[in-house]
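Chain letters run A, B, ... following the sequence lines, proteins first and then strands; every chain starts at 1. Every heavy atom of this structure was used, including side-chain atoms; hydrogens, water molecules and symmetry mates were not.
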Amino acid sequence: MSNVRVRFAPSPTGYLHVGGARTALFNWLFARKHKGTFILRIEDTDLERSSEEMVRGILEGLEWLGLDYDEGPFFQSDYVEKHRAAVRRMLENGHAYKCFCPKEERSDEEVKKIVAEAARWSKRLNPCRDLAPEEVAAREERGEPYVVRLRVPERGKTEFEDAVYGHMERDCREIEDLVLLRSDGHPLYNLSVVVDDIEMGITHVIRGQDHLSNTHKQILIYQALGQPVPQFAHLPLILAPNKAKLSKRKHGEVVSVTTYRDAGFVPDAFVNFLALLGWAPEGTDQEIFTREELIERFSLEGIHKSNAIFNFNESDPRNWTDPKALWMNAEYIRTMPMERLTPLVKAELQRSGLWRDEYETERKAWFEQAVSLIRERARTLTNFTTHGRPYFVDDFSYEFDEAAVKKNLRKEPALKELLPQLADAFASLTEFTRDRAEALLRGFAEEKGVKAGLLINATRTALTGQAVGPGLFDLVAAIGKDRTVARLKHAAQLV
RNA sequence: GGCGCGUUGGUGUAACUGGUUAACACGCCGCCCUCUCAAGGCGGAGAGCACGGGUUCGAGUCCCGUACGCGCUACCA
């Protein structure tokens with residue numbers, strides 16, 4: 001185990017956001033690659049917003065993605081005393097000061113701008129910055145409320161090497177004397193992250209680019225605390241198609257990873273997709289990577305600087321999420337090893353009540369045959385229920401698509417006679433195999449002077465209720481003799 | 001407003017330290033295969049690299065400016 005220690009530090013919002021998921025993934029990949037430690041820390045200092053339920057959504061998302069953490073979950077709220085202690089140290093060494101200025105009211109945007117402007121110069125203008133110790137003591141004595149602010153140096157600059165964005169520097173004059181501790185003693189974000197990251201020995205801070213400018217403030221806090229500054233790597237953001245920030249409120253369920261779980265995504269596929277959003281491996285066109293390959297190839301240098309768009313389409317149900325994610329999921333379902341796929345299919349069938357234990361015992365071979373037929377056309381795991389129902393039920397409780405019935409059954413009245421005859425012919429087959437079934441059907445068609453296609457399409461609809469699906473003879477073999485016969489006779493009534 | 005970051009086809013990305021008609025994947029269109037739908041194979045449309053200047057024999061690659069987007073500018077995180 002190397003000394004690399006990284007963390008994913010989401011706030012408990014009740015769900016894991018795709019952007020957060022990618023941040024978690026990159027931290028995880030980096031940790032695994034360097035045999036380091038991946039830590040989960042819940043940033044729950046905004047106490048009103050956090051509850052166990054809110055945390056659960058995050059944990060569920062990480063679990064589904066398979067991003068296991070080595071330490072945690074830690075809760076930032078458990079470290080409040082450490083945050084305060086850090087502030088006391090900064091107060092003692094003069095890197096922070098108590099500010100008695102009244103709290104600004106900033107309701108509308110206009111006021112906010114003015115205040116922002118003022119804030120930047122506040123350390124120069126702030127009357128509290130250089131208050132005499134006796135006065136501070138006296139006002140405190142009187143019970144005047146105060147916040148603790150960082151005493152940002154008047155000159156100089158902060159700088160760091162970002163693994164993604166390169167050399168970053170900022171003039172200290174551009175940095176306001178930020179508040180560390182609220183007047184109620186509540187620690188604020190920039191303080192908390194730094195103290196926690198120090199406490200947890202974080203070596204690499206890998207997080208969203210929205211923290212790029214905060215980093216300068218945080219560096220100042222590290223310095224005020226006399227602690228070494230970790231490495232930083234800022235990730236480009238994942239944006240909505242209109243380039244706006246992704247938000248659950250505005251964009252709905254597409255932003256939550258549990259949506260993908262529930263929609264039948266293969267975790268590896270979603271991880272693969274996420275990995276390629278803002279990152280590309282060096283020197284290859286390859287797009288499909290196992291986790292092991294991702295870990296091996298991952299490097300901070302391959303991270304893109306510009307934001308990526310998550311290309312979902314709210315008005316197109318077929319492309320409800322990024323088409324490439326959908327494609328990748330289908331690709332995984334189609335090509336992944338059967339032994340990896342079957343547990344996922346099992347879970348799906350259990351969910352929909354179609355599962356039978358014999359599928360992993362005496363009917364295992366048959367089951368895998370059916371799965372391999374269905375997987376060819378599946379986009380999501382839920383398709384094993386929708387497309388798969390005809391394979392897994394004995395009765396006629398699969399849905400008959402009206403258009404299919406019309407096109408493949410009702411269009412040719414002769415089928416009313418032909419289907420039962422075909423059924424009887426199938427019934428007489430002693431060896432009910434793919435090839436025998438095909439020979440029989442084609443011979444039957446010739447004998448009756450009809451095109452094989454007519455019977456093939458009719459049979460497909462009889463067996464599955466659909467107009468589309470696998471090659472008919474594979475299907476017939478998978479459905480088996482008895483159900484084929486019964487379904488053909490049943491379908492004759494629909495003609 | 002200030003400061004910072006970014007900008008290659010619809011989307012995700014590639015293009016060694018500047019050097020042939022800007023590559024790959026998804027999506028889209030067409031053809032082939034075929035009992036349907038997929039998958040697969042083949043082919044096509046789609047960017048001249050945000051825009052404008054400059055440096056250079058030569059720039060997506062370097063420099064400057066502009067525009068646009070995003071972030072920070074809270075006693076939010």
Using atom C1' in both nucleotides, what's the gap between B/G9 and B/G48 to the nearest angstrom? 10 Å
Sort out the partner of B/C70 for me: Watson-Crick or G-U wobble, both distances under 3.5 Å, none otherwise. B/G4
By nearest-nucleotide position on RNA chain B, the 5'-leaning member of A/His167 and A/Asn457 is A/His167
Quick one: the side chain of A/Arg377 and the base of B/C37, do they pair up donor-acceptor inside 3.5 Å? yes
Output the single nucleotide from B/C35, B/C75, B/U13 whose closest atom is nearest the side chain of A/His304. B/U13
Base of B/C37, side chain of A/Arg460 - is there a donor-acceptor contact under 3.5 Å? no
Between B/U11, B/G40, B/G2, which nucleotide gets closest to the side-chain atoms of A/Glu331? B/G40
Considering every strand and a 4.0 Å limit on heavy-atom distances, what is the contact class for A/Gly208: base, sugar-phosphate, or nothing? nothing
Winner on side-chain proximity to A/Glu174, out of B/C35, B/G2, B/A39, is B/G2
When you measure from the side-chain N and O atoms of A/Arg182 to the phosphate of B/C76, is any distance below 4.0 Å, counting only OP1 and OP2? yes
Please determine whether side chain to side chain donor-acceptor pair (under 3.5 Å) holds for the pair A/Tyr165 and A/Gln209, giving the CA-CA distance in whole Å, both sets of side-chain angles, and the decisive distance to 0.1 Å. CA-CA 9 Å; A/Tyr165 289 90; A/Gln209 183 237 58; 3.3 Å; yes
Both distances below 3.5 Å, Watson-Crick or wobble geometry, any strand: find the nucleotide opposite B/C51. B/G65
Residue A/Arg334, side-chain atoms from C-beta onward, closest of B/A14, B/A77, B/G40: B/G40
Would you check if there is a donor-acceptor pair between the side chains of A/Thr464 and A/Tyr398 at a distance under 3.5 Å? no
Using a 4.0 Å heavy-atom cut-off across all strands, classify A/Pro470 as base, sugar-phosphate, or nothing. base
Side chains of A/Ser315 and A/Asn313, donor plus acceptor under 3.5 Å: yes
Would you mind classifying the nucleic acid contact of A/Leu237 as base, sugar-phosphate or nothing, using non-hydrogen atoms under 4.0 angstrom? sugar-phosphate
Side-chain donor-acceptor contact under 3.5 Å, A/Tyr97 with A/Asp177: yes
Assigned partner base of B/C75, Watson-Crick or wobble definition, under 3.5 Å: none
Measuring from the side chain of A/Lys217 (C-beta onward, heavy atoms only), which nucleotide among B/U73, B/U36, B/U11 has the closest atom? B/U73
Options B/C35, B/G69, B/A38, nucleotide nearest the side-chain atoms of A/Glu376: B/A38
For B/G48, does the O4'-C1'-N9-C4 or O4'-C1'-N1-C2 angle fall within 90° of 0, making it syn, or is it anti? syn
Less than 3.5 Å apart, any donor N or O on the side chain of A/His83 or A/Asp196 sitting next to an acceptor on the other? yes
From the set B/U11, B/A25, B/C72, return the single nucleotide nearest to any side-chain atom of A/Trp327. B/A25
With heavy atoms under 4.0 Å as the rule, sort A/His234 into base, sugar-phosphate or nothing. nothing
Base, sugar-phosphate, or nothing for A/Val147, non-hydrogen atoms under 4.0 angstrom? base
Under a 3.5 Å limit for both distances, which nucleotide forms a Watson-Crick or G-U wobble pair with B/C57, could you say? B/G19
Which base sits across from B/C35 as a Watson-Crick or G-U pair, both distances under 3.5 Å? none
Take atom P in B/C32 and the same atom in B/G71, then report the distance between them in whole Å. 50 Å
Atom P, compared across B/G27 and B/G40: separation rounded to whole Å: 9 Å
Assess, by modelled atom type and distance only, whether the side chains of A/Thr215 and A/Arg207 contain a donor and an acceptor separated by less than 3.5 Å. yes
Can you figure out which of B/C3, B/U73, B/G10 approaches the side chain of A/Glu176 most closely? B/U73
As its Watson-Crick or G-U partner within any shown strand, both distances under 3.5 Å, B/G27 has none
For A/Ser11 and A/Thr13, run side chain to side chain donor-acceptor pair (under 3.5 Å): C-alpha distance rounded to whole Å, both residues' side-chain angles, the deciding distance at 0.1 Å, then the answer. CA-CA 6 Å; A/Ser11 50; A/Thr13 49; 5.5 Å; no
Nearest to the side chain of A/Gln209 - B/U36, B/C75, B/G71? B/G71
Tell me what A/Ala452 touches on the nucleic acid: a base, only sugar-phosphate, or nothing, going by heavy atoms under 4.0 Å. nothing
Between B/G44 and B/U36, how many Å separate the two C1' atoms, rounded to a whole number? 26 Å
If you measure from the C1' atom in B/C64 to the same atom in B/A59, how many Å do you get, rounded? 15 Å
Which whole number of Å gives the distance between the P atom of B/G52 and that of B/C16? 24 Å
Against the side chain of A/Asn214, the closest entry in B/A77, B/A38, B/C24 is B/A77
So does A/His186 get a side-chain nitrogen or oxygen closer than 4.0 Å to the phosphate oxygens (OP1/OP2) of B/A77? yes
When you compare B/C29 with B/G46, how far apart are their C1' atoms, in angstrom units rounded to a whole number? 11 Å
Taking for each residue the nucleotide of RNA chain B with the nearest heavy atom, is it A/Ser183 or A/Leu212 whose nucleotide lies nearer the 5' end? A/Leu212
With both distances under 3.5 angstrom, what nucleotide forms a Watson-Crick or G-U wobble pair with B/G46? none
Determine the minimum heavy-atom distance between A/Ser183 and A/Val147, stating which atoms define it. N-CG1, 3.6 Å
